[in-house]
A.B. asks: 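Below is a structure I'd like to ask you about.
Counting starts at 1 for both ligands and their atoms, following the listed order. One-based numbering along the sequence shown.
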Amino acid sequence: MYKLASKSVAERSIVRVGSAAFGDGGFVMIAGPCAVEGRAQIASTAEFVERCGAQMLRGGAYKPRTSPYAFQGLGEEGVGMIARASAQSGLPAVVEALAESQLSVLCEHVAMIQIGARNMQNFALLRAAARTHKPILLKRSASATLDELLYAAEYVLLEGNPNIVLCERGVRGFDPQTRNLFDIGGALRLKELTHLPVIADPSHATGRRTLVEPLVLAAAAAGLDGAIVEVHPDPGAALSDAEQSLDFAGFERLMSRLDAMVRPQFSLAACR
Ligand code: PEP
Ligand code: MN
């Protein structure tokens, strides 16, 4: 059994990354490009999403691409670029590690380390990432059961790192109309099984920018702890995940609708 991740240990745990607090009853938005592509791209995105109310910045520097011929990310140079954008915008950054050898650079420059879906059961990487004592964003593999995800989290907890946020990013379905199948029921079941915060990634779950806003609102309505979404200054020119990236106007609209939903302007007391 997963002893440390289980709800029997605590009702909820709060994971803090800078001023963002996952699991405190609020809804944390993480936004940024799929991949860091250049200094201006990440800096302008950071500045814009911060102004709209995002609390964290995302951007991959080491990209786990299906094809070895696809853009692989800017590596260490990309880490430097997102670190600078993070400092300028004041938003703590999350960046994915694909290998243990990348951890020391990430540890030095970013606030949170992502273990992506493809590495969810890379147990050596999980242990090494945990030992950095940085907060970990652990994404569910496209074919992992919830128990497998929780056992993966258990590896991190066993290393003495309590700061894990779980992420539902869609599982492999049968219908290519969406890139993956967003398992909101599974995400809610996770909230029953574990005290760890759970967030949603509607970008990778659907692969379609039109579905990102409604699924963020669904995640907030369902009581999840936040969402991570892809935003690009010019999605059509994005070097990865162009179809699922929001442009700035799309992100601004999402944030205003989310704000209206989580901070309702009306009071039900008037109905009683
Ligand atoms: C990502 O967030 O950049 C990513 C590759 O996601 P996932 O691991 O969920 O596919
Ligand atoms: Mn992506």
Side-chain angles (χ1 to χ4, degrees), residues 28-37 41-42 45 49 54 56-68 70-75 78-79 81-82 93-99 102 106 110-122 125-126 129 135-144 146 148-149 152-153 164-173 178-184 186-187 190 198-209 211-212 215-216 219 224 226-247 250-251:
V28 177
M29 282 298 296
I30 308 174
C34 178
V36 177
E37 297 172 0
Q41 175 243 21
I42 188 67
T45 307
V49 301
M56 282 186 65
L57 178 65
R58 66 150 287 145
Y62 309 99
K63 294 305 300 176
R65 303 306 299 282
T66 300
S67 163
F71 175 60
Q72 302 286 306
L74 298 179
V79 178
M81 290 174 188
I82 194 170
V94 57
V95 177
E96 176 169 359
L98 291 186
Q102 296 153 0
L106 289 176
V110 307
M112 187 180 213
I113 293 170
Q114 174 173 318
I115 302 295
R118 292 157 189 78
N119 276 307
M120 189 203 87
Q121 286 186 312
N122 182 337
L125 180 60
L126 282 174
I136 307 288
L137 178 60
L138 177 60
K139 298 184 90 175
R140 180 186 183 186
S141 148
S143 59
L146 300 182
E148 286 165 341
L149 173 59
I164 312 167
V165 174
L166 303 176
C167 180
E168 161 56 30
R169 45 77 76 205
V171 291
R172 187 162 286 208
T178 58
R179 182 176 179 181
N180 289 292
L181 196 56
F182 183 53
D183 185 10
I184 194 163
L190 272 178
V198 179
I199 69 168
D201 176 347
S203 307
H204 291 92
T206 66
R208 291 183 183 271
R209 77 171 59 84
L211 301 181
V212 170
L215 282 191
V216 168
L224 299 188
I228 178 167
V229 300
E230 291 184 339
V231 179
H232 193 285
D234 181 6
L239 297 179
S240 61
D241 287 349
E243 317 73 34
Q244 69 195 36
S245 297
L246 293 173
D247 63 11
F251 184 69

A.B. asks: Ligand 1: which residues have a non-hydrogen atom closer than 4.0 Å?
C.D. replies: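 The 4.0 Å shell around ligand 1 contains Arg58, Lys63, Pro64, Glu96, Gln114, Gly116, Ala117, Arg118, Lys139, Arg169, His204.
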A.B. asks: Of all residues at least two apart in sequence or in a different chain, which pass the side-chain contact (heavy atoms from CB on, under 4.5 Å) check with Ser141?
C.D. replies: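 Expected list: Met120, Ser143, Ala144.
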A.B. asks: Give the minimum heavy-atom separation between Ser240 and Lys63, together with the two atoms involved.
C.D. replies: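 Between these two residues, the closest heavy atoms are OG-CE, 4.4 Å.
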A.B. asks: Side chain of Arg58, backbone of Val95: donor and acceptor closer than 3.5 Å?
C.D. replies: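 It does not hold such a pair.
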A.B. asks: Nearest 10°: the angle subtended at the Mn ion (ligand 2) by His204 NE2 and Cys34 SG?
C.D. replies: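 Result: 160°, to 10°.
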A.B. asks: Have a look at Asp241 and say which of its N, O or S atoms is nearest the Mn ion (ligand 2).
C.D. replies: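 Sorting the N, O and S atoms of Asp241 by distance to the Mn ion (ligand 2) puts OD2 first.
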A.B. asks: Using the side chain to side chain contact (heavy atoms under 4.5 Å, CB included) rule, take Leu106 and Tyr62 through it: C-alpha gap first, then chi angles, then the decisive distance, then the call.
C.D. replies: CA-CA 11 Å; Leu106 289 176; Tyr62 309 99; 4.2 Å; yes
A.B. asks: Give the C-alpha distance, both sets of side-chain angles, the deciding distance and a yes or no for side chain to side chain contact (heavy atoms under 4.5 Å, CB included) between Arg140 and Leu190.
C.D. replies: CA-CA 11 Å; Arg140 180 186 183 186; Leu190 272 178; 5.9 Å; no
A.B. asks: Where do Glu230 and Ser203 come nearest, in terms of heavy atoms and distance?
C.D. replies: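 Closest approach of Glu230 to Ser203: N-OG, 3.0 Å.
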A.B. asks: Out of the N/O/S atoms in Glu230, what is the name of the one closest to the Mn ion (ligand 2)?
C.D. replies: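 Answer by atom name: OE2.
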A.B. asks: Between Gln121 and Asn119 (side chain of the first, backbone of the second, donor and acceptor by atom type, cut-off under 3.5 Å), is there such a pair?
C.D. replies: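 Side chain of Gln121 to backbone of Asn119, a donor-acceptor pair under 3.5 Å: no, none is there.
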